[in-house]
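Computation of the quantities below employed the complete heavy-atom set of this structure, encompassing side-chain atoms and omitting hydrogens, waters and symmetry-equivalent molecules. We count residues from 1, following the sequence as given. In listed order, ligands and their atoms are each counted from 1. All of these numbers come straight from a predicted model, not from anything done at the bench.
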Amino acid sequence: MLRINDLVKIYPGPVAALKGVSLEIPEGLFGLLGPNGAGKSTLMNILAGLLEPTGGSVTLDGADIVKDPRAVWSRLGYLPQDFGFYPSLSGAQMLDFLLRLKGVDAPQGRKRLVDELLERVNLADAAKRKVRTYSGGMRQRLGIAQAIAGNPRLVIVDEPTAGLDPEERQRFYRILAELGRDRIVLLSTHIVEDIATLCPRFAVIRGGRCVTSGGTAEARQRLDGRVHEGIVSLDALDRLRASHRVTQAVLVEGSMFRTRVQGDASDRPDGFTTVPPTLEDVYFGVMDESRAQRSTPPIAVA
Ligand code: ADP
């Protein structure tokens, strides 16, 4: 179990990137969702032992990551957002270099470990090719190969599917799903589909705070019967915004908007149909709520 308790991070400025985040993350795939600037990378860097928090604690199976990051490094695999590669090395050379850097034990020899890891991420056929010639998806898979070396208990992946084409994304999903069978895999992303595809549990952070967390299926069920969809013009959309809670409006065919509103069935706009809720509905609903709460003026105390 990964336990995050009241984590605060204030950068010089001061910028409050985390304002007291608490989460309990069990074995399996856990999604951390939030818009750009929400504080996801800050949280990931603290969990990876690379950044010291201003306050709060983090424990992995009882061991304190903040007090003693070295003690957990060997049980941790990290694929950061900007993973550096040496383009003139082959995939196998690059991985060998990274394993040495990480100090991974290889009782049966590093060459064997490199081969095994490349096999695991479906890069065996490209082992001798220069990393320069790899696609974005292949580079990400090489990044995962170094992250899982040494069989870590906790694997952290930061925005792993940004820029991947749909086929590469699916391949990457399969690798992550397999990893999540017997360890904690924490996936940070602003892409809701990543979480919907992979994670039974998730949290949303916004403005340095956790605004919701729990099971993805339960979160969707809570919205059952409350999401209504219709296609409207821009004028009608403006009117709808004044009377309903519009959580999504996606342009279709250049002039109309596929629009989703959330609310009681009795309040469903004319021409709209009630649709099964998706995780996007959960996400946009939560974002809308937390925006509304923030813009509510503080109550003056006499
Ligand atoms: P996310 O990963 O969700 O996009 P970040 O953790 O990168 O969010 O950033 C959270 C907030 O902290 C943002 O306002 C960002 O500008 C700020 N921030 C991130 N890193 C630094 C830094 N090194 N110094 C000052 N502010 C930072």
Side-chain angles (χ1 to χ4, degrees), residues 2-25 29-58 60 65-66 69 72-73 76-84 136 139-140 143-144 147 154-164 169 172-173 176 184-199 201-214 216 219 247-248 279-280 282-295:
L2 178 68
R3 284 205 166 87
I4 301 170
N5 185 33
D6 204 17
L7 211 56
V8 173
K9 177 67 192 178
I10 300 174
Y11 288 112
V15 179
L18 298 177
K19 300 174 184 165
V21 170
S22 297
L23 282 172
E24 292 205 339
I25 302 179
L29 276 147
F30 188 96
L32 188 69
L33 198 55
N36 288 329
K40 301 183 299 297
S41 295
T42 299
L43 180 58
M44 300 287 119
N45 281 322
I46 293 173
L47 298 180
L50 300 172
L51 187 68
E52 219 179 306
T54 311
S57 64
V58 184
L60 174 61
I65 290 187
V66 174
V72 281
W73 274 346
L76 180 96
Y78 185 34
L79 176 60
Q81 209 170 328
D82 301 309
F83 193 71
R139 286 178 188 217
Q140 284 299 68
I144 273 290
L154 169 65
V155 174
I156 296 175
V157 277
D158 196 358
E159 303 275 354
T161 64
L164 299 192
R169 180 168 294 198
F172 200 74
Y173 283 163
L176 289 180
I184 305 169
V185 178
L186 189 55
L187 168 68
S188 158
T189 181
H190 62 273
I191 302 170
V192 184
E193 190 202 334
D194 286 356
I195 310 268
T197 310
L198 286 169
C199 303
R201 304 186 67 75
F202 80 120
V204 177
I205 65 169
R206 174 168 204 265
R209 289 183 208 282
C210 177
V211 288
T212 194
S213 68
T216 33
T247 50
Q248 272 185 80
L279 196 62
E280 284 209 330
V282 173
Y283 178 66
F284 288 118
V286 166
M287 296 304 280
D288 185 59
E289 265 166 34
S290 70
R291 233 184 332 259
Q293 277 164 11
R294 281 173 145 209
S295 57

Ligand 1 polar-atom proximity to protein (N/O, under 3.5 Å):
residue	atom	partner	partner atom	Å
ligand 1	2 (O)	S41	N	2.8
ligand 1	2 (O)	S41	OG	2.9
ligand 1	3 (O)	A38	N	3.1
ligand 1	3 (O)	G39	N	3.0
ligand 1	3 (O)	K40	N	2.9
ligand 1	3 (O)	K40	NZ	2.9
ligand 1	4 (O)	G37	N	2.6
ligand 1	6 (O)	T42	N	2.9
ligand 1	6 (O)	T42	OG1	2.6
ligand 1	8 (O)	G39	N	3.0

With sequence neighbours excluded, residues passing side-chain contact (heavy atoms from CB on, under 4.5 Å) with D6: S22

Minimum heavy-atom distance between T161 and D194, given as atom pair plus value: OG1-OD2, 2.6 Å

Chi angles and distances behind the side-chain contact (heavy atoms from CB on, under 4.5 Å) call for I65, L2: CA-CA 10 Å; I65 290 187; L2 178 68; 4.1 Å; yes

Partner set under salt bridge (charged side-chain N to carboxylate O under 4.0 Å, His left out) for R201, not counting sequence neighbours: none

Under the side-chain contact (heavy atoms from CB on, under 4.5 Å) test, residues paired with P80 that sit two or more places apart: Y78, F83

Over all atoms of both residues, closest heavy-atom pair of V21 and I4: O-CG2, 3.4 Å

